[in-house]
Undergrad: 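If you scroll down you'll find the structure; I have some questions about it.
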Amino acid sequence: MSVRTRFAPSPTGYLHIGGVRTALYSWLHARQHQGRFVLRIEDTDVERSTHEATAAILEGMAWLGLDWDEGPFYQMQRMERYRAVLAEMVAAGSAYHCYCSREEVEAMRELQRANGEKPRYDGRCRTRREPRADVAPVIRFRSPDTGETVVEDIIHGTVRFRNSELDDLIIARSDGTPTYNFCVVVDDWDMQITHVIRGDDHLNNTPRQIQILQALGATPPIYAHVPMILGPDKQKLSKRHGAVSVLQYREMGYLPEALLNFLVRLGWAHGDQEVFTREEMIALFHIEEVNKAASAFNPEKLLWLNAQHLQRLPAADLAQRLAPYLVAQGLDAPACAQGPHLAAVADLLRERAKTLVEMAEAAVFFYRAPQQWEAKDAEKHLRHQGALLSELHGALAAAEPWGASAIHAVIQDLAARYEGKMGKVAQPLRVAVAGKAVSPPIDLTLALLGREETLSRLERARRWAESRG
RNA sequence: GCUCCCAUCGUCUAGUGGUCCAGGACACCGGCCUCUCACGUCGGUAACAGGGGUUCGAACCCCCUUGGGAGCGCCA
């Protein structure tokens, strides 16, 4: 049988980092087995589900390149099917109507808790014959009282649950809508999911789902419960840890492949390899090698990985990814088209930027002359340098042909006359042109900027220096 | 409280009974490179939670303790 996996988020919020990792593992598993990856939206919680959340999930998946082969399926559109299965189960006696009020059940649980027991429904409606006229019943699954249910988990191994621990759970609300544990089972069954890969917070639900599957006469899928991702402080990952939504990472200038690479390594390793391409992940990842322990999210390592992937991107590709971030810096397309070739700029900037946002910030001066110089840098490198700037202007105006080596020669010649240090010349030049004391190598920078723009910026700096004495 | 899961450097991990006085990566600290900032490179600090077993031998197997997490919803 060919592999079929699924990702089944509920649209009650953004697509978060933890969800992405289980999606990634499921996707990877399907891809490496030439299987199918199914996307299913679990929207049966009408109260909390929103269209915005659904849209954010789809957008996040698309950005990450986690493409699905089937779906998205929406559970709300499968109500008829659920009702039919529910009716069959009631008819077969594997489920029954329960007329207990919420208050009654709550009182029951309260008492059990007081006695130090695990709160559970006692099954008092199992044998009820007559419906209560004034209450809309829920439907409960009739769970076996004896024996045990065994989960064979790819990651955790064999996990045993005594059936006496599991009570008769509600599978349909009093308004007739089915609940989570029931929907997943029917869906995974109908969609012929072979491998259920999900967070290990679901491990405790699994025996119940297996029991329902058995009552339905279906064969349970293979389960893999992956550990959770914690915040850097080892606490449950939440908003106070900063970004948890994938789309925020896009905003912050991360590459999807870097985020995926980071996530795949959280709980899994392939020897000493740290950097993986999408193809390598598909080829090398194995769900059975995933760790059992939860792992902490490490933002510094993600940043480093992002830099690694920035390093490896072809220049043209890099430029294309960078463009939207330039717009965010206030540069429009025409402005960029007039300046130096973006691929060349990006290529120059890549090894000193860890995110696309940083790279965009560093790229701005190539397309827009600095409005003012960084005060400290101007004070240190421009002031009293009128003569030097003037000489530089003259020499660069004469440099032939305009290019890094000619520019380099100009700087060297001048440096020989200014204490012999390159820095004595390069720094004033850098501040004049870039507006600050940090930029890529100055010869390469000027070569890209162009002679005309360079001279005009130099001239402005010279006037400033002379006006300041 | 009950049930289930988990436990190697600060963090991500390698390690599946001897080749481990525990390897790699991020971060951190130092050197080198250098026109700035970075990149790169060389080196350093740093861990098998504790206690019992099993074994000639345990990071690796078993048990207990401790610590962490999850579940116990007409949420998913």
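Throughout, protein chains are lettered first and strands after them, A, B, ... in sequence-line order, and every chain is numbered starting at 1.
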Undergrad: Does the pair A:Arg109/A:Asp122 count as a salt bridge with the N-to-O cut at 4.0 Å?
TA: no
Undergrad: Measure from the side chain of A:Asp443, starting at C-beta and using heavy atoms only, and say which of B:A7, B:C35, B:A76 lies closest.
TA: B:C35
Undergrad: Taking atom P of B:U3 as reference, at what distance in whole Å does atom NE2 of A:His156 sit?
TA: 19 Å
Undergrad: Please state how far atom NZ in A:Lys234 lies from atom P in B:A49, giving the value in whole angstrom units.
TA: 12 Å
Undergrad: Given B:G24, B:A7, B:C35, which nucleotide is nearest the side-chain atoms of A:Arg430?
TA: B:C35
Undergrad: List every contact pair, protein side and nucleotides 71-74 of chain B side both N or O, where the distance is under 3.5 Å.
TA:
{"from": "B:G71", "atom 1": "O4'", "to": "A:Asn204", "atom 2": "ND2", "distance (Å)": "3.4"}
{"from": "B:C72", "atom 1": "O2'", "to": "A:Pro119", "atom 2": "O", "distance (Å)": "2.7"}
{"from": "B:G73", "atom 1": "OP2", "to": "A:Arg109", "atom 2": "NH1", "distance (Å)": "2.7"}
{"from": "B:C74", "atom 1": "O2", "to": "A:Ser174", "atom 2": "N", "distance (Å)": "3.0"}
{"from": "B:C74", "atom 1": "O2", "to": "A:Ser174", "atom 2": "OG", "distance (Å)": "2.9"}
{"from": "B:C74", "atom 1": "N3", "to": "A:Ser174", "atom 2": "OG", "distance (Å)": "3.0"}

Undergrad: Can you check the A:Arg265 CZ to B:A14 P distance for me, whole Å?
TA: 8 Å
Undergrad: Salt bridge or not for A:Arg198 and A:Glu42, using N-O below 4.0 Å?
TA: no
Undergrad: Give me the ring orientation class for A:Phe262 and A:Phe297: parallel if the planes are under 30° apart, tilted from 30 to 60°, perpendicular past 60°.
TA: perpendicular
Undergrad: B:C26 pairs with which nucleotide, Watson-Crick or G-U wobble, both distances below 3.5 Å?
TA: B:G10
Undergrad: In residues 147-155 of chain A, which ones come under 4.0 Å of RNA chain B, going by heavy atoms?
TA: none
Undergrad: Is any N or O donor-acceptor pair between the side chain of A:Glu351 and the base of B:G40 shorter than 3.5 Å?
TA: no
